Amino acid sequence: MKLENGIDLDKIVPENELEEEIIADLKEGRSKEVVTRCPPEPSGYWYIGHAKAWTINFETAQKFGGRTVLRMDDSNPTKEEGEFADSYMADLEWLGFKPCKFVYASEEYFDEIYKIAEKMIQNGDAYVCDLSAEEVSASRGTLTEPGKESPYRNRTPEENLRLFREMRDGKYPDGSKTLRAKIDMAHPNINMRDPVMYKIARQHHYRVGDKWCIWPQYDFVHPMEDCLEGTTYSLCDKGFQDHRIVYEWFVQHGWGKKYAPKQREFSRIVLENVLTGKRYLKQLVKGGYVSGWDDPRFPTLVGVRRRGYTAKAIKDFVKSVGWGSTIEVVVPYSALEYYVREDLNRIATRAMVVLNPLKVVITNFNGKPEEIEIENNPNDESAGKHMALFGREIFIEQDDFSLNPPPKYNRLVEGGIVRLKGAYIIKCNKVIFAENGEIDHLECEYLPDTKSGNDTSGIKCKGTIHFVAKENCFEVTIREFKNLIKAEYKTPAKDLADGTPIEEMLEENSLQESTALAENFLKSAKPEDKFQFMRKGYYCVDKDSTPDHMIFNSTISLKDGFKSGK
RNA sequence: AGGGGUGUCGCCAAGCGGUAAGGCACAAGAUUUUGAUUCUUGCAUGCGUAGGUUCAAAUCCUGCCACCCCUGCCA
């Protein structure tokens, strides 16, 4: 069966129950197309968890040739700020999702929603209630007992309409009246006990200013917005599961048309050992524990982006977790890191950077430094090569030389040999000590017939290490990061709720700066450019970099398979 | 008079009456001028539990048990 947009339904392989349901709906005429929506509340920065909501909303629509609306769900004037709306657009673009349109619910739909409310009043489905917030709460009943009906519940539609218009016109003080849905105060689901549809609050709104003094509430406004923009599948997280029945009630009583949206829920991703939650992140920003919302240690999208994670890695990760069956699914951080490494391995240019330099003098090499070739990506020939230099004075990692090597150590030892990546095998003849007893430098000789790619010596050498030549390197700043939260706090949000002070959970010195020696070709790198510093890890250029002062963020280390003593 | 959910390997997760996919993690080997990547192999006589139906049950039925969410004029 073919859709109007040309998609052949019979060729689509459903990957979860929702997709099976969509196919059935489409085939049996319950819906005509797939329209989803992304409804963020602009009250904080987006973090990795949100990426799941968009990936699901955008990609299921895409799969069926549908579309996705980006809608700022800004019905609460006390919480929202314009600052955030802009950052969302950038995040979305970074992830590669294109909404078919972008609206502020407050501007686009509030007039219509108001009319729907009036219609519902006329139909006897809503009433103006004079109970205070405390009284409403007290009469709602409990988990096991029914609630009590409001004394104002049986006002006539005419009176309700007059009162509601007066509410809108500002005749009543904040909090003195609400518009409530007339559902069932004895309903076993508490969300059905006459939920509030509108409240009175004189608050300046960042988009619509002072146009309104009454504000529609989520349970009412959300389904209505979905209906108004033609959403067919309203995909949200399982936190809203027991609001589905309310959603359906409002769709029926407020909208009541043939093609109506369906709410379906997926599970939230919670990363182990990662602190999320606007409140807490804000606390860390304000307290100066991090440099800002885009600190590379932050789980915000702007943060991980600055850290060097790729959009593909995040989407692949989110998809690997799947739709989910519980409200939240706790996933170890390594599950995310796998996808980060996988993507970076594919795209990152290899470079030699010495993080802790040890000087080596090649005593039998004289004259001009020699050019050597380094592959930009051994797994991808099309990435090409770049030139490096080998010369009389070079630097290797301190770790790559040992006076007391542990078992299975394949790197340089006194009297031993090691291969220099892309260059020659060298032999360490002498260790020169400084007066303080530390190693000052090494004296080595190179074996001229062992040139990389051209080795005629037949010498086998267990280890290969990276290096930079004195003439081919410059100093750069490296920023290494530890997890913000100490490893023992697997679910920091819960620990916080249990009373553990945030300061106690924070890792000390989670940001460490050092200086390294990098190959000269790195001088032309631009912010967000990604590299693999061979044998070390993935790094990207930080936005604070200037041509005179390059800063690299450590994105993630390479896996280290070296197990000494085994 | 409670309602809504969920229980399959350490963590995710397929499975929809025909004899337990896959991924992460972990372990062992091979290849490697990155101790990376890649490759190969191993990793649930078991599906919360007790019964029942059936030639056959993770899948169907019944009863238990455990865990999560819900009493905002937040979303």
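Nothing here was measured: the structure is a model prediction, and the numbers come from that model. Order of the sequence lines fixes the chain letters, A, B, ..., with proteins taken first and strands second; residue numbering starts at 1 for each chain.
At a threshold of 4.0 angstrom between heavy atoms, the contacts of A/Ala186 include nucleobase atoms, whether or not backbone atoms are also involved. Within 4.0 Å (heavy atoms only), A/Tyr218 reaches at least one base atom of the nucleic acid. Using a 4.0 Å heavy-atom cutoff across all strands shown, A/Pro378 reaches at least one base atom of the nucleic acid. Base engagement by A/Gly453 is indicated by at least one non-hydrogen atom pair under 4.0 Å involving a base atom. Note on A/Lys490: nothing from the nucleic acid sits closer than 4.0 angstrom, heavy atoms only. Residue contacts shown for A/Gln241 are limited to sugar-phosphate atoms, with no base heavy atom under 4.0 Å away. A/Ala133 comes within 4.0 angstrom of a base, heavy atoms only. Residue A/Tyr409 is classed as a base contact, given a heavy-atom separation below 4.0 Å to a base. Among the atoms of the strands shown, base atoms are found under 4.0 Å from some heavy atom of A/Ser132. Within the 4.0 angstrom heavy-atom criterion, no nucleotide atom of any strand lies near A/Ile374. Within the 4.0 angstrom heavy-atom criterion, base atoms lie near A/His243. Using a 4.0 Å heavy-atom cutoff across all strands shown, A/Asn379 reaches at least one base atom of the nucleic acid. If you check every strand for non-hydrogen atoms under 4.0 Å, A/Arg411 touches a base. Nucleic acid contact for A/Phe240: base, since at least one base atom lies under 4.0 Å from a heavy atom of the residue.
Taking only distance into account, the side chain of A/Arg341 never meets the base of B/U37 through a donor-acceptor pair shorter than 3.5 Å. One N or O donor and one acceptor, one from the side chain of A/Arg419 and one from the base of B/U33, sit under 3.5 Å apart. A donor N or O paired with an acceptor N or O is found under 3.5 Å between the base of B/G35 and the side-chain atoms of A/Asn410.
The cationic group of A/Arg411 lies under 6.0 Å from the six-membered ring centre of A/Phe562 and within 45° of the ring axis, placing it in a cation-pi geometry.
Distance from the side chain of A/Gln532 is smallest for B/U34 among the nucleotides B/U34, B/A75, B/G23. Side-chain atoms of A/Asn76 lie closest to B/C74 of the nucleotides B/C73, B/C74, B/G23. Of all nucleotides listed (B/G35, B/C73, B/G23), B/C73 comes nearest to the side chain of A/Thr178. Side-chain atoms of A/Gln217 lie closest to B/C74 of the nucleotides B/A36, B/C74, B/U33. Side-chain proximity of A/Asn345 to B/C74, B/U33, B/A36: nearest is B/A36. In the set B/G2, B/A36, B/G23, B/A36 carries the atom at the smallest distance from any side-chain atom of A/Lys559. Listed candidates were B/U34, B/U71, B/G4. Nearest to the side chain of A/Asp242 is B/G4. Of the candidates B/U34, B/G3, B/A75, B/G3 carries the atom nearest the A/Pro188 side chain, counting heavy atoms from C-beta on. Residue A/Arg350 places its side chain closer to B/A36 than to any other of B/A75, B/A36, B/U33. Proximity note for A/Ile190 (side chain, C-beta onward) versus B/C68, B/G2, B/U34: the nearest is B/G2.
Under 4.0 Å is where a charged nitrogen must lie from a carboxylate oxygen, and between A/Arg264 and A/Glu21 at least one such pair does.
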Protein-nucleic acid N or O pairs under 3.5 Å, nucleotides 11-15 of chain B:
| residue | atom | partner | partner atom | Å |
| --- | --- | --- | --- | --- |
| B/C11 | O2' | A/Val330 | O | 3.2 |
| B/C12 | O2' | A/Val321 | O | 3.3 |

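Atom-to-atom, CG of A/Asp380 to P of B/U37 comes out at 17 Å; the value is rounded to the nearest Å. Atom pair A/Arg535:CZ and B/A36:P shows a separation of 11 Å (rounding to whole Å applied). The CE-P distance, from A/Met185 to B/U71, rounds to 14 Å in whole Å. Rounded to whole Å, atom C1' of B/G2 lies 10 Å from atom NE2 of A/His187. Rounded to whole angstrom, the span from the NZ atom of A/Lys79 across to the P atom of B/A75 amounts to 7 Å. Remark: C1' of B/U6 and CG of A/Asp237 are 15 Å apart, rounded to the nearest angstrom. Straight-line distance from the CG atom of A/Leu143 to the P atom of B/C68: 15 Å, rounded to whole Å. Across the protein-nucleic acid pair, A/Phe401 atom CZ and B/G35 atom P stand 18 Å apart, rounded to whole Å.
Phosphate contact (OP1/OP2 of B/C74, side-chain N/O of A/Ser43, threshold under 4.0 Å): absent.
Partner assigned to B/A66 is B/U6, using Watson-Crick or G-U wobble distances below 3.5 angstrom. Nucleotide B/U38: paired with B/A30 (Watson-Crick or G-U wobble, both distances less than 3.5 Å). The partner of B/G17 is absent, by the rule that a Watson-Crick or G-U pair needs both atom distances under 3.5 Å.
In B/G72 the base sits syn relative to the sugar, since the glycosidic angle is no further than 90° from 0.
Across the C1' atoms, B/A57 and B/G18 are found 10 Å apart, a figure rounded to whole Å. Nucleotides B/U59 and B/G15 place their C1' atoms 8 Å apart, quoted to the nearest Å. B/A58 and B/A20: their P atoms are spaced 8 Å apart (whole Å). Taking atom C1' in both B/A66 and B/G48, one finds a spacing of 7 Å when rounded to whole Å. Remark: the separation of the C1' atoms in B/A28 and B/C67 is 37 Å, to the nearest Å.
The one candidate from A/Thr78, A/Asp74, A/Asp73 that meets the side-chain hydrogen bond (donor to acceptor under 3.5 Å, both in side chains) condition with A/Asn76 is A/Thr78.
Here the side chain of A/Arg193 pairs a donor or acceptor atom with the backbone of A/Arg140 at under 3.5 angstrom. Of the possible polar contacts, none joining the A/Glu272 side chain to the A/Tyr333 backbone as a donor-acceptor pair under 3.5 Å is found. A donor-acceptor pair under 3.5 Å links the side-chain atoms of A/Asn273 to the main chain of A/Tyr489, judged by distance alone.
Using cut-offs of 30° and 60° on the angle between ring planes, the pair A/Tyr198 and A/Tyr114 is perpendicular.
In terms of position along RNA chain B, the nucleotide closest to A/Pro146 lies nearer the 5' end than the nucleotide closest to the other residue of the pair A/Pro146 and A/Ser176.
The closest side-chain donor-acceptor pair between A/Glu83 and A/Tyr45 falls under 3.5 angstrom.
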For the pair A/Phe552 and A/Tyr539, evaluate ring-ring contact (aromatic ring centres under 6.0 Å, His included) and give the outcome as yes or no after the intermediate values. CA-CA 6 Å; A/Phe552 287 88; A/Tyr539 291 78; 7.3 Å; no

